[in-house]
Amino acid sequence: MAPTTSHPRLPTTSNVLILDDQRFDRHRLARLCSGLDMKCTITNASSIVDFAAVIETSAFDLILVDYFLTDGTGFDALSMVRLSPRNCRAATIMITGQGQDSVAHDAMKAGCSDYITKDELSATSFRRAVTNALQKSILTNEAVTHSFRHAETEAVLEKFASKCAQDIKPMVSRMMRQ
């Protein structure tokens with residue numbers, strides 16, 4: 001019997017934000033989203049300015065970012081995502097016409113879950129990138145939640161210990177003397 005690996009369950013619906021200054025590419029990405037095994041609600045942004053407005057008002061599960069934009073770069077958008085309380089844990093994928101290894105490396109360092117060139121973009125590569133990005137996001141969120149719960153439990157125990165210390169200290173002293 002082969003060992004089974006446990007992958008996080010992907011959502012059945014996802015809110016997706018597409019940032020690309022080319023209408024054709026936004027439509028292409030939306031079509032690729034419609035071919036996924038989940039219902040996607042698509043929001044489009046054609047510039048960094050549009051992106052900034054949308055990201056502050058809505059929460060997204062997946063954010064697709066073009067690297068080269070007329071009013072900035074995908075790195076400007078990634079910075080906004082990381083600073084957004086609603087979207088800082090969203091899965092992000094940089095999609096670009098620039099096939100540069102340094103851009104891919106920098107995108108991953110900036111928090112992107114994946115990087116795909118538009119030349120390599122197919123239904124299969126897109127599905128794989130989205131699946132990996134969403135799984136990574138889910139695992140990261142679970143780890144943060146676990147860490148928060150652990151810290152919260154420690155804080156409660158510290159408070160309990162400091163409150164009870166005055167009550168327990170005389171009892172322990174008596175026990176030690178006996």
Open item on the list: Show, in sequence, the C-alpha distance, side-chain angles and deciding distance for Ile55 and Ile63, and conclude whether the side chain to side chain contact (heavy atoms under 4.5 Å, CB included) test is met.
Closed with: CA-CA 10 Å; Ile55 205 155; Ile63 301 175; 4.1 Å; yes
Open item on the list: Assess the residue pair Asp66 and Lys118 against the criterion (salt bridge (charged side-chain N to carboxylate O under 4.0 Å, His left out)); give the C-alpha distance rounded to whole Å, side-chain angles, the decisive distance to 0.1 Å, and a yes or no.
Closed with: CA-CA 9 Å; Asp66 185 24; Lys118 290 179 182 178; 3.5 Å; yes
For [X] against [Y], the heavy-atom pair lying closest together:
X	Y	result
Arg82	Thr92	NH2-OG1, 3.1 Å
Ala107	Leu78	O-CD1, 4.4 Å
Ala30	Ile18	N-CD1, 3.7 Å
Ser122	Ser125	N-OG, 2.9 Å
Val65	Ala77	CG1-CB, 3.9 Å
Ser14	Asp61	CA-OD2, 3.2 Å

- [ ] Give the C-alpha distance, both sets of side-chain angles, the deciding distance and a yes or no for side chain to side chain contact (heavy atoms under 4.5 Å, CB included) between Ser58 and Asn15.
- [x] CA-CA 9 Å; Ser58 301; Asn15 290 325; over 6 Å; no
Short question: side chain of [X], backbone of [Y] - any donor-acceptor pair under 3.5 Å?
X	Y	value
Arg127	Gly35	yes
Asp71	Ile48	yes
Ser84	Val81	no

Open item on the list: Name the residue from Ile95, Asp25, Asn44 that meets the side chain to side chain contact (heavy atoms under 4.5 Å, CB included) definition with Leu64.
Closed with: Ile95
Open item on the list: For Asp119, run the side chain to side chain contact (heavy atoms under 4.5 Å, CB included) check against Ile116, Leu121, Thr117 and tell me which one passes.
Closed with: Thr117
- [ ] Among residues two or more places apart or on two chains, list those pairs meeting ring pair (Phe, Tyr, Trp, His ring centres under 6.0 Å) that have a residue in residues 45-80.
- [x] Tyr67-Phe75
TODO: Could you check Ile93 against Leu62 for side chain to side chain contact (heavy atoms under 4.5 Å, CB included), going step by step and ending with a plain yes or no?
DONE: CA-CA 8 Å; Ile93 300 173; Leu62 176 64; 4.0 Å; yes
Task: Contacts of type salt bridge (charged side-chain N to carboxylate O under 4.0 Å, His left out), residue Asp106, not counting sequence neighbours - done: none
